[in-house]
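Written out below as structure tokens is the structure these notes cover.
Just follow the structure's listing: the first ligand is 1, and inside any ligand the first atom is 1.
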Amino acid sequence: MSASTQAPLSHINTTPTQGRFISFEGTEGVGKTTAIEQLCARLQVRGIDYLRTREPGGSPFAERLRDILLDPATDINDDTELLLMFAARCDHMQQVILPALQRGTWVICDRFTDSTVAYQGFGRAHGDAAVRCKIDMLIEQFVEQLPELTLWLDLPVLEGMARANKRSTADRFEQQATEFFTRVHKGFSTLADEQPERIQRINASGTADEVGARIWQTVKEKLDI
Ligand code: T5A
């Protein structure tokens, strides 16, 4: 199907879905990648079919947008950044996430809409109510397709940055000042307070194995597996 003939998201029949949709969230370097690897290994042992994906990205087109969004040489304004995040998400949802859920595959996604609220809404826009409202309107089109469980890996901002800084190069977001990530953290904490059923706070301090065990316990409890 060519891009011009694809149905808009609102026209896609999303039910019944059998796969479970789990997202991971957090500020830089909190250990999402490490934790996702551990969760996927546990799902595999249980014989659960899963798909591991990420945002921005996850589909060929969205990965091209990711390259632009993370490139330190990219010079765009905050509105453009916000809309590109949703353009990437729209394609990712249509091309990858929904088809997987509909065939019964679990989707494990590194970041989703909560990152947009935290980074664009709190990080860039300092929690401005008008921007939050704009983001909520964009999220509205995904409301039927939000993750059923979101694991927010909560770690003091500086600890996460210290973990992330072990890498040699910083992307466009990682180059932001500490104050930016403090606001992003506030964004995740606000969302967790607003949606306590979906968003589970996971203490991301301690060893990777300790964090992985906390996550597995939460997944088993919340998804009843
Ligand atoms: N973004 C994204 C937006 O602004 N809006 C949006 O809507 C979306 C979807 C994407 C960027 O895009 C922004 C947010 C991001 O800036 P990303 O690839 O998700 O980028 O980037 P990061 O969050 O920066 O991912 P990282 O790879 O940096 O962090 P992770 O995945 O959280 O951490 P991980 O597992 O790679 O671990 C980092 C280091 O710590 C070690 C690991 O070995 C690694 O070296 N580590 C631990 N060390 C000690 N104890 C533990 N428990 C550890 N766990 C991992």
Side-chain angles (χ1 to χ4, degrees), residues 23-41 52-59 62-63 65-72 74 76-93 96-97 108-125 131-132 134-136 138-139 141-142 146-147 150-178 180-185 187-188 191 202-216:
S23 63
F24 279 73
E25 297 284 3
T27 45
E28 309 297 300
V30 290
K32 293 181 285 86
T33 307
T34 309
I36 287 171
E37 278 165 13
Q38 290 197 3
L39 174 63
C40 289
R52 180 179 165 180
T53 188
R54 66 175 180 182
E55 291 212 339
S59 65
E63 286 290 326
L65 291 181
R66 178 187 176 92
D67 288 344
I68 294 168
L69 282 160
L70 269 56
D71 184 349
T74 296
I76 49 176
N77 67 29
D78 293 353
D79 271 348
T80 307
E81 178 181 280
L82 170 62
L83 292 172
L84 284 178
M85 286 294 176
F86 274 95
R89 181 163 299 134
C90 211
D91 191 69
H92 183 210
M93 178 59 85
V96 175
I97 296 177
I108 314 299
C109 193
D110 190 341
R111 301 191 180 280
F112 200 63
T113 51
D114 301 315
S115 277
T116 318
V117 174
Y119 280 78
Q120 279 65 53
F122 281 77
R124 295 279 192 230
V131 175
R132 174 75 199 267
K134 193 189 300 181
I135 294 172
D136 285 347
L138 288 161
I139 290 175
Q141 69 180 309
F142 298 96
L146 288 178
T150 294
L151 300 154
W152 166 40
L153 272 57
D154 184 13
L155 189 70
V157 168
L158 290 177
E159 273 186 52
M161 289 172 86
R163 288 182 187 175
N165 285 342
K166 287 181 189 149
R167 280 183 300 242
S168 52
T169 53
D171 66 34
R172 202 167 64 86
F173 290 97
E174 287 165 348
Q175 292 184 343
Q176 296 299 312
T178 308
F180 174 87
F181 295 109
T182 303
R183 292 195 298 276
V184 171
H185 185 272
F188 286 123
L191 281 164
I202 304 290
N203 174 4
S205 301
T207 67
D209 284 347
E210 286 167 347
V211 177
R214 286 176 204 136
I215 287 170
W216 185 232

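- Within the 4.0 Å heavy-atom shell around ligand 1 one does not find Gly26.
- Considering both main-chain and side-chain atoms, Gln120 comes within under 3.5 Å of ligand 1 through a nitrogen or oxygen pair.
- Listed for the Gln176 side chain is no donor-acceptor partner under 3.5 Å among the backbone atoms of Phe181.
- No part of Arg54 comes within 4.0 Å of ligand 1, judged by heavy-atom distances.
- Between Asp78 and Arg124, the shortest heavy-atom distance links the atoms OD1-CD, 3.5 Å.
- With hydrogens and angles left out, the side-chain atoms of Gln38 and Asp209 include a donor and acceptor closer than 3.5 Å.
- Glu159 contributes no side-chain N or O that, together with a main-chain N or O of Pro156, makes up a donor-acceptor pair within less than 3.5 Å.
- At least one heavy atom of Gly206 sits closer than 4.0 Å to an atom of ligand 1.
- Considering each of Gln38, Arg124, Met85, Glu28, the one bringing a non-hydrogen atom nearest atom 3 (C) of ligand 1 is Met85.
- The two residues Trp152 and His185 come nearest to each other via the heavy atoms CZ2-NE2, 3.7 Å.
- Residue contacts with ligand 1: Arg66 is included, with a non-hydrogen atom under 4.0 Å away.
- Among Leu69, Val211, Thr34, Leu82, the residue whose heavy atom lies closest to atom 35 (O) of ligand 1 is Thr34.
- Using a 4.0 Å cut-off to heavy atoms of Gly31, the atoms of ligand 1 that qualify are 30 (P), 32 (O), 33 (O), 34 (P), 35 (O), 37 (O), 54 (N), 55 (C).
- Proximity of Arg163 to ligand 1, defined as any heavy-atom pair under 4.0 Å, is shared by backbone and side chain alike.
- At a heavy-atom cutoff of 4.0 Å, ligand 1 is contacted by both the backbone and the side chain of Glu55.
- Within the structure, ligand 1 has Arg89 among the residues with a heavy atom less than 4.0 angstrom away.
- Using a 4.0 Å threshold on non-hydrogen atoms, atom 44 (C) of ligand 1 does not count as touching the protein.
- Counting atoms of ligand 1 from 1 in the listed order, those under 4.0 Å from a heavy atom of Val30 are 32 (O).
- Side-chain atoms of Arg54 do not come within 3.5 Å of backbone N or O of Asp110 as any donor-acceptor pair.
- The aromatic rings of Phe112 and Phe142 stand perpendicular to each other, their planes meeting at an angle above 60°, with 30° marking the opposite boundary.
- Taking all heavy atoms of Thr33, Thr116, Val184 into account, the minimum distance to atom 31 (O) of ligand 1 is reached by Thr33.
- Distance alone, capped at 3.5 Å, places no donor-acceptor pair between the Arg89 side chain and the Glu55 backbone.
- A donor-acceptor pair is defined here as one N or O able to donate and one able to accept, closer than 3.5 Å; such a pair exists between the side chain of Arg183 and the backbone of Phe122.
- Scanning all heavy atoms of the two residues, the minimum distance from Glu25 to Val30 falls at O-CG2, 4.5 Å.
- Between Glu174 and ligand 1, at least one N/O pair is under 3.5 Å apart.
- By the criterion of a heavy-atom distance under 4.0 Å, neither the backbone nor the side chain of Glu81 is placed next to ligand 1.
- At a 4.0 Å heavy-atom cut-off, ligand 1 touches Thr207 through the backbone alone.
- Not one N or O on the side chain of Ser23 forms a donor-acceptor pair closer than 3.5 Å with the backbone of Thr150.
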